[in-house]
Amino acid sequence: MKLWQIFLVIAVIVILVFLSFGFISGKSDLKTDIGVGLAESFHDSKKYDLAMSMCEWVLEDEPDNRDALAVKAKILTETGNQDEALELQRYIVYDIPEEATKEDWQNLASLTIKAGNTSEAVDAYGKLEEYYTQMYIEDPSVDTLYSRGQVLIKLQRYDEAIDCYLKMTVLEPNSSKSWIGLGDAYLFKSMYEQGQLKDLYSDLGKDPSERVNKYNFNAYQSNMKAVEAYNEAVELDPLAYALVASKIVGSYQQSIENYQDILEGL
């Protein structure tokens, strides 16, 4: 093919693209589906400028489109614009009439932790815990139990987390994930009882009675329970050894001084 023919083909393609975008712009649902799909694809490829332009294209007609706003918030987060991302995520959660999803609350919790706003992060994780509790009532599954347990650990509600993972070990006794989750709950309970973790409830002026105290183990007993659970995980999956060893060694090496460190330790 000659050079002028190649340029002609390119010109035709460009014209068709512009014409199709003009057509799509008049079809709101089609525009939204295509725009959000392209935004997500460009975001996953780390082509942030193109992803952002697709978000803005959708938001021209639907300024409260939750999917486009969610992608935009992720782009802002990953490009270092944390403050803008946090403000946008707050808008998504609190100002859009449509009910916030668990992903919305998870994103808000993560951003507020990075911003050092412990109180708001705890509120967001509290909403997540409520979500998983209701979800388990409606459709019990081990995945929901695991997710709820992780959130409960972050909220320093260790005994409730232990209950979640004990249920998992009954439902899926051959799953290393169940035993690692149980080990995590016992390990963080042990660290808390040793004074290695700051008391979240005291720091925020919360009533300690909000924390359920069901298992009256001392720090040593909780630690041994963690080791037992981790050993079960390693017997089921020897590849889990490096992971659980790092958790145990890390718990001895340092005290965790702030809430962000607690969350990053999971």
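Everything numeric in this text was worked out from a predicted model, so none of it was measured.
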Task: Flag side-chain contact, heavy atom, 4.5 Å: Y165 against Q150 - done: yes
Open item on the list: Side chains of N81 and T79 only: does a donor on one sit below 3.5 Å from an acceptor on the other?
Closed with: yes
TODO: Any chance you could measure I162, atom CD1, to D159, atom CG, to the nearest 0.5 Å?
DONE: 5.0 Å
Task: Residue pairs involving residues 47-58 (criterion salt bridge (Lys or Arg N to Asp or Glu O under 4.0 Å); sequence neighbours excluded) - done: E56-K72
Task: Considering all heavy atoms, the nearest L197-Q156 contact - done: CB-NE2, 4.2 Å
Task: Check: S41 main-chain N/O paired with S45 side-chain donor or acceptor under 3.5 Å - done: yes
TODO: Please tell me if the side chains of L86 and Q82 come closer than 4.5 Å, counting only heavy atoms from C-beta onward.
DONE: no
Task: All salt bridge (Lys or Arg N to Asp or Glu O under 4.0 Å) counterparts of E193, not counting sequence neighbours - done: K189
- [ ] Just grab all the salt bridge (Lys or Arg N to Asp or Glu O under 4.0 Å) pairs involving residues 78-97, residues at least two apart or on different chains.
- [x] E87-R90, R90-E120
TODO: Name all residues meeting the ring-ring contact (aromatic ring centres under 6.0 Å, His included) criterion together with Y136; count only those two or more places apart in sequence or in a different chain, and write none if there are none.
DONE: none
Task: Student check: side-chain heavy atoms of K114 and T77 closer than 4.5 Å - done: yes
Task: Side chains of L69 and I96 in contact at under 4.5 Å (non-hydrogen atoms) - done: yes
Task: salt bridge (Lys or Arg N to Asp or Glu O under 4.0 Å) contacts in which one or both residues fall within residues 101-112, not counting sequence neighbours - done: R66-D104
Open item on the list: So which atom in I75 and which in C55 form the shortest heavy-atom distance, rounded to 0.1 Å?
Closed with: CD1-SG, 4.2 Å
Open item on the list: In terms of relative ring orientation, are F188 and Y158 parallel, tilted or perpendicular, with 30° and 60° separating the classes?
Closed with: parallel
Task: Non-neighbouring partners of Y230 that pass ring-ring contact (aromatic ring centres under 6.0 Å, His included), sequence neighbours left out - done: none
TODO: Check whether any side-chain heavy atom of V58 lies under 4.5 Å from a side-chain heavy atom of V71, and answer yes or no.
DONE: no
- [ ] Would you check if Q221 and N218 make a side-chain contact, meaning some heavy-atom pair closer than 4.5 Å?
- [x] yes
Open item on the list: Contact between Y220 and M224 at the side-chain level, heavy atoms closer than 4.5 Å - yes or no?
Closed with: yes
- [ ] Find out whether S175 and V142 are in side-chain contact, i.e. whether some heavy atom of one side chain is under 4.5 Å from a heavy atom of the other.
- [x] no
